[in-house]
Chemist: 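Just passing along the structure, written as structure tokens.
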Amino acid sequence: MNSQQQIAVIGGGSWATAIVKILSNGTDKINWWVRSAETVEFVRKYKHNPSYLSDVEINLDKVNVNNDLKKSIADSAIVILAVPSAFLKPSVEKLSADDFKDKMVFSAIKGIVPDELLIVGEYMQQKFGVPVGNIGVITGPCHAEEVAMERLSYLTIASKTQENAKVLADKLNCRYIKTTVSDDIYGTEYSAVLKNVVAIASGICHGVGYGDNFQAVLISNAIQEIKRFVDAVHPIKRDISDSAYLGDLLVTAYSSFSRNRMFGTMVGKGYSVKFAQLEMNMIAEGYYATRCINEINKQHNIRMPITSAVYRVLYEKISPRIEMRLLADQLS
């Protein structure tokens, strides 16, 4: 891969905006696709995203913000997908395998494509024929809001092709972002999905009144649950205590910036799922991931008490207070 070639960032939300900000430190040309023509015009005029991370100033000398998805991808060697998983299919439905030919495609989505029961890398392989060697994952304990404030954060860039991972890692590395590389594209992506489910559980427990002592037990059990799952779906040697796994879980389960924890807290306090979604006005990836992981696990029969409990609360409308009491009896 030519490290001087352009990068496309697909998505107009907070994480996409944060990635554009990070890349602006070490990349000369970024093609930023945003669906809304009104948002594109606003950014071009005022150098800010009006809806997400509005304090971040966009460097228009480096960033070409537009709503021409096909051209953004055509002009770029690296494509970073940063739309919510529920919007990925409609976003790329008019594209073909030719559009992604010879492109390196990185998922920054941390979600599963609904109805397909596929992590994003698998979806891009099956739908667009992107070779596994050209698939990558951007993950790690890194909230967009802290990126906006330039607080020190860490990202892991995973790819089977380590050269490609290092190219993007170098472009993302800057004063407030430290990067490492990994070859575990399946484990890091599934772990990023599962930590959102756990964060909802953490929020539900907080909402119904459990304290920090219980939260510590919940998260220590959660990392074991994640390990059981990723070891079953992709059994390789990995250190689950690395920041890409445990670190991402911790920040998502505990941080006030975590939309999944916020969503879970609202549900735990008695809000309906629909009302909590409307009130947040943001996508909680863990809501979709809970159903998808529950379905995937029917093939593996892995013991996943936390995921199962969240599923029953969100999709079977079991009382959060009752379900968390039953979950507590299963933890150690």
Side-chain angles (χ1 to χ4, degrees), residues 1-13 15-20 22-24 27-41 43-44 49 58 62-139 157-161 163-169 171-172 185-186 189 192 283 285 288:
M1 180 193 300
N2 185 340
S3 62
Q4 300 304 311
Q5 289 177 301
Q6 300 178 28
I7 298 179
V9 178
I10 310 304
W15 189 218
T17 305
I19 291 172
V20 168
I22 297 168
L23 286 171
S24 297
T27 305
D28 292 331
K29 198 65 178 179
I30 303 151
N31 297 305
W32 184 18
W33 177 81
V34 178
R35 177 183 293 277
S36 166
E38 291 79 9
T39 299
V40 169
E41 289 306 312
V43 174
R44 287 175 177 173
N49 185 336
I58 306 301
K62 293 186 174 184
V63 179
N64 168 32
V65 59
N66 66 89
N67 60 353
D68 188 336
L69 179 58
K70 199 175 184 74
K71 189 173 190 309
S72 292
I73 293 173
D75 290 344
S76 306
I78 303 173
V79 179
I80 298 175
L81 302 172
V83 296
S85 61
F87 300 152
L88 179 61
K89 283 178 67 175
S91 294
V92 300
E93 62 184 355
K94 294 182 180 179
L95 300 178
S96 68
D98 287 341
D99 291 303
F100 291 99
K101 186 177 181 181
D102 300 325
K103 308 292 183 185
M104 186 66 193
V105 181
F106 284 88
S107 168
I109 292 176
K110 299 187 176 183
I112 291 182
V113 183
D115 302 325
E116 301 291 338
L117 301 183
L118 298 170
I119 52 177
V120 175
E122 291 175 329
Y123 177 73
M124 296 306 294
Q125 290 175 58
Q126 294 187 21
K127 174 70 174 177
F128 297 103
V130 180
V132 67
N134 285 359
I135 294 289
V137 179
I138 302 172
T139 190
I157 316 304
S159 173
K160 291 289 187 184
T161 309
E163 177 189 351
N164 290 340
K166 191 173 187 313
V167 168
L168 185 57
K171 289 180 176 294
L172 290 166
I185 59 172
Y186 297 103
E189 190 160 12
I283 296 292
E285 286 282 9
Y288 301 102

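Counting begins at 1 with the first residue of the sequence.
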Chemist: Is there side-chain contact between Leu81 and Val120, with heavy atoms separated by less than 4.5 Å?
Modeler: yes
Chemist: Of the non-hydrogen atoms in Gly11 and Val34, which two are nearest, and what is the gap between them?
Modeler: O-CG2, 4.2 Å
Chemist: How many angstroms lie between CG in Leu88 and CD1 in Ile109, if you round to the nearest 0.5 Å?
Modeler: 4.5 Å
Chemist: Sort out for me which residue in Asn64, Asn66, Asn67 forms a side-chain hydrogen bond (donor to acceptor under 3.5 Å, both in side chains) with Ser72.
Modeler: Asn66
Chemist: Could you tell me whether Glu41 and Arg44 make a salt bridge, using a distance below 4.0 angstrom between a side-chain N and a carboxylate O?
Modeler: yes
Chemist: Which value, rounded to the nearest 0.5 Å, describes the distance between Asp99 atom CG and Lys94 atom NZ?
Modeler: 12.5 Å
Chemist: Using a 3.5 Å distance criterion without hydrogens, assess whether the side chain of Lys103 forms a donor-acceptor pair with backbone atoms of Ala74.
Modeler: yes
Chemist: If you look at every heavy atom in Pro84 and Glu285, which pair is closest and at what distance?
Modeler: CA-OE2, 3.2 Å
Chemist: Before giving the answer on side chain to side chain contact (heavy atoms under 4.5 Å, CB included), spell out for Ile135 and Lys160 the whole-Å C-alpha distance, their side-chain angles and the decisive distance to 0.1 Å.
Modeler: CA-CA 8 Å; Ile135 294 289; Lys160 291 289 187 184; over 6 Å; no
Chemist: Atom NZ of Lys62 and atom CG of Asp28: how far apart are they, to the nearest 0.5 Å?
Modeler: 6.0 Å
Chemist: Should we say atom NZ of Lys70 is surrounded by more than 12 heavy atoms from elsewhere, each under 6.0 Å from it?
Modeler: yes
Chemist: Walk me through it: do Ser159 and Met104 pass the test side chain to side chain contact (heavy atoms under 4.5 Å, CB included)?
Modeler: CA-CA 10 Å; Ser159 173; Met104 186 66 193; 3.2 Å; yes
Chemist: Using only atom types and a distance under 3.5 Å, with no angle test, would you say the side chain of Ser85 pairs donor to acceptor with the backbone of Ile112?
Modeler: yes
Chemist: Is a donor on one side and an acceptor on the other found under 3.5 Å between the side chain of Trp33 and the backbone of Gly12?
Modeler: no
Chemist: Do the side chain of Trp32 and the main chain of Val20 share a donor and acceptor less than 3.5 angstrom apart?
Modeler: no
Chemist: Glu189 vs Thr139, test: side chain to side chain contact (heavy atoms under 4.5 Å, CB included). Steps then yes/no.
Modeler: CA-CA 7 Å; Glu189 190 160 12; Thr139 190; over 6 Å; no
Chemist: Among Ile30, Leu168, Ile10, which residue meets the side chain to side chain contact (heavy atoms under 4.5 Å, CB included) test with Ile80?
Modeler: Leu168
Chemist: Distance from Phe128 atom CZ to Leu95 atom CG, nearest 0.5 Å?
Modeler: 5.5 Å
Chemist: Taking Glu116 first and then Lys89, would you say they form a salt bridge - that is, a charged N and a carboxylate O separated by under 4.0 Å?
Modeler: yes
Chemist: Provide the closest heavy-atom pair for Ala82 versus Ile19 in the form atom of the first, atom of the second, distance.
Modeler: CB-CD1, 4.3 Å
Chemist: Do Asn49 and Thr39 touch side chain to side chain, with heavy atoms closer than 4.5 Å?
Modeler: yes
Chemist: I need the Ile185 CD1 to Phe106 CZ distance, nearest 0.5 Å.
Modeler: 10.0 Å
Chemist: Rounded to the nearest 0.5 Å, what separation is found between the CD1 atom of Ile138 and the CD1 atom of Ile22?
Modeler: 8.5 Å
Chemist: Any non-hydrogen side-chain atom of Leu172 less than 4.5 Å from a side-chain atom of Leu23?
Modeler: yes
Chemist: Using the rule given for side chain to side chain contact (heavy atoms under 4.5 Å, CB included), can you reason through Tyr288 versus Ile283, listing the C-alpha separation, both sets of side-chain angles and the distance that settles it, and then say yes or no?
Modeler: CA-CA 9 Å; Tyr288 301 102; Ile283 296 292; 4.0 Å; yes
Chemist: Check whether the side chains of Ser76 and Asn31 place a donor and an acceptor atom closer than 3.5 Å, and report yes or no.
Modeler: yes
Chemist: Considering residues, nucleotides and ligands other than Lys29, do more than 12 of their heavy atoms fall under 6.0 Å from its NZ?
Modeler: yes
Chemist: Looking at every non-hydrogen atom in both residues, tell me the closest pair between Ser91 and Arg35 and how far apart they are.
Modeler: OG-NH2, 3.2 Å
